[in-house]
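Below: one structure, written as structure tokens.
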Protein chains: 2
Amino acid sequence: MFSKTCEYAIRAMIFVAHKSKDGTKIGIKEIAKGIDSPEHFIAKILQDLGKKGLIQSLKGPNGGFFFENETLNYSIADVVTAIDGNKLFSGCGLGLKECSTAKPCPIHNEFKKVRDDIFNMLQAAKLTQFTDGLENNLTFLNRK
Amino acid sequence: MFSKTCEYAIRAMIFVAHKSKDGTKIGIKEIAKGIDSPEHFIAKILQDLGKKGLIQSLKGPNGGFFFENETLNYSIADVVTAIDGNKLFSGCGLGLKECSTAKPCPIHNEFKKVRDDIFNMLQAAKLTQFTDGLENNLTFLNRK
DNA sequence: CCAATAAAAGACTTAAAACTCTTTTATTTA
DNA sequence: TAAATAAAAGAGTTTTAAGTCTTTTATTGG
């Protein structure tokens, strides 16, 4: 469904959203450990998301990654679009360059429905709603 | 959603299903042209599907790929499973090795729903139902 | 049984994704 | 203002997916 890069990105964003609840910044080492990802790899990914304005960071002692309040309103769909583009949401399921209602591939309509469902689901999943849940072991992000 | 290999596989299977309607065999060159894929690449893919029993082939003059009647009852879900495995249908959306109702990732339930929808949709799409539609330009498989 | 045909098989190359390592830059605090 | 800290940047490597090329094997019709 997503690239590995994108999976790491989503996990990291949810992780930081949780930790960033009270405004604290969180370092890349802790993030990497928390989501079980290679440190330098997730660093690159978060740098990229930072440039695109989806997350904030500060260098130096007590630095790290965090969210300004507004950015917590971004959704997982926004993260996916930033990393993997919109192929998942709008591309043809069979990989055809041109595929539309007017000139559909054989499974165009069925695909359109599930693609829309996926988009709506991810669009509804705002980062704010992940500020709870991790600490009380309801959910997990670093299981191997 | 699918690997390119899997996209080619699905397109080829639908294409052959259509051409195989009256029992004729269809050569790899025609398939490659019909679905706009590299000839040797789709050949390998169909060899693989052949070994797994999802499609039949015969060498020599008038040889080619075709379906025995029973194999037309395979679904696109079967093709996807044969090529990409069942990760799409049963894997965790965030790539976690262990993710279940008992120990869910933060978006487990939402993902389970769309994964099930995708599976049901692809399971319902039997190859038999693609034996019409291509010829009268209702659908297309080789658009660039 | 021979020549032509067409898939099977295997070895290979290319391209993209995933991941690593080192150096640089910014920030803080003593 | 110097030392420590932590992200940014850049240049790599490794691995996997995608695609190509050549040789072999099976089948058929003359």
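In what follows, chains are A, B, ... by sequence order, proteins preceding strands, each numbered from 1. Computed from a predicted model, the values in this text were never measured in an experiment.
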Practice prompt. Could you please spell out the steps behind the side-chain contact (heavy atoms from CB on, under 4.5 Å) verdict for A:Tyr74 and A:Val79?
Written response: CA-CA 8 Å; A:Tyr74 280 118; A:Val79 177; 5.8 Å; no
Nearest-Å distance, [atom1] ([X]) to [atom2] ([N])?
X: B:Lys4; N: C:dT14; atom1: NZ; atom2: C1'; result: 14 Å
X: B:Glu30; N: C:dT5; atom1: CD; atom2: P; result: 16 Å
X: B:Lys25; N: D:dT27; atom1: NZ; atom2: P; result: 12 Å
X: A:Lys29; N: D:dA7; atom1: NZ; atom2: P; result: 7 Å
X: A:Glu7; N: C:dC19; atom1: CD; atom2: P; result: 10 Å
X: A:Ile28; N: D:dA7; atom1: CD1; atom2: P; result: 6 Å
X: B:Phe41; N: C:dA15; atom1: CZ; atom2: C1'; result: 12 Å
X: B:Leu58; N: D:dG29; atom1: CG; atom2: C1'; result: 15 Å

Please answer whether the main-chain N or O of [Y] pairs with a side-chain N or O of [X] as donor and acceptor at a distance below 3.5 Å.
X: B:Asp48; Y: B:Lys44; answer: no
X: B:Lys25; Y: B:Leu58; answer: no
X: B:Ser57; Y: B:Gln47; answer: no
X: A:Gln129; Y: A:Lys126; answer: yes

Please tell me if [X] has a side-chain N or O lying less than 4.0 Å from either OP1 or OP2 of [N].
X: A:Asn62; N: D:dA6; answer: no
X: B:Ser57; N: C:dA6; answer: no
X: A:Thr5; N: C:dA18; answer: yes
X: A:Tyr8; N: C:dC19; answer: yes
X: B:Ser3; N: D:dA17; answer: no

Fill in: Spatial distance of atom CD1 (B:Ile26) from atom OG (B:Ser20) [nearest 0.5 Å]
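Nearest 0.5 Å value for the CD1-OG distance: 9.0 Å.
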Discussion item. Quick check for you: to the nearest 0.5 Å, what is the distance between B:Met13 atom CE and B:Leu46 atom CG?
Written reply: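 The distance works out to 7.5 Å.
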Return the polar atom pairs (N/O with N/O) between nucleotides 22-26 of chain D and the protein under 3.5 Å, or none.
from	atom 1	to	atom 2	distance (Å)
D:dT25	O2	B:Lys59	NZ	3.2
D:dA26	O4'	B:Lys59	NZ	3.2

Worksheet item: Which ones in residues 79-90 of chain B lie close to DNA chain C, meaning a heavy atom under 4.0 Å from one of its atoms?
Response: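 Those residues whose heavy atoms fall under 4.0 Å from DNA chain C, taken from residues 79-90 of chain B, amount to none.
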Discussion item. Test side-chain contact (heavy atoms from CB on, under 4.5 Å) on B:Asn73 and B:Thr128; report intermediate values, then the result.
Written reply: CA-CA 6 Å; B:Asn73 277 319; B:Thr128 34; 4.3 Å; yes
Practice prompt. Specify the residues of residues 42-51 of chain A, ordered by number, for which at least one heavy atom lies under 4.0 angstrom from an atom of DNA chain D.
Written response: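 Per residue number, the list reads A:Lys44, A:Gln47, A:Lys51.
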Worksheet item: Mind checking whether B:Phe67 and B:Phe130 have ring centres under 6.0 Å apart?
Response: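 Between B:Phe67 and B:Phe130, the centre distance exceeds or equals 6.0 Å.
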Worksheet item: For A:Met1 and A:Ile118, what are the C-alpha separation, side-chain angles and deciding distance, and is it a side-chain contact (heavy atoms from CB on, under 4.5 Å)?
Response: CA-CA 10 Å; A:Met1 184 101 66; A:Ile118 294 171; 3.9 Å; yes
Practice prompt. Inspect the contact between A:Asp117 and A:Lys113 and indicate whether a charged nitrogen and a carboxylate oxygen are less than 4.0 angstrom apart.
Written response: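 Answer for the salt bridge query: yes.
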Worksheet item: When B:Leu72 is tested against each of B:Leu127, B:Ile55, B:Val16 for side chain to side chain contact (heavy atoms under 4.5 Å, CB included), which residue passes?
Response: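 Answer after filtering B:Leu127, B:Ile55, B:Val16: B:Leu127.
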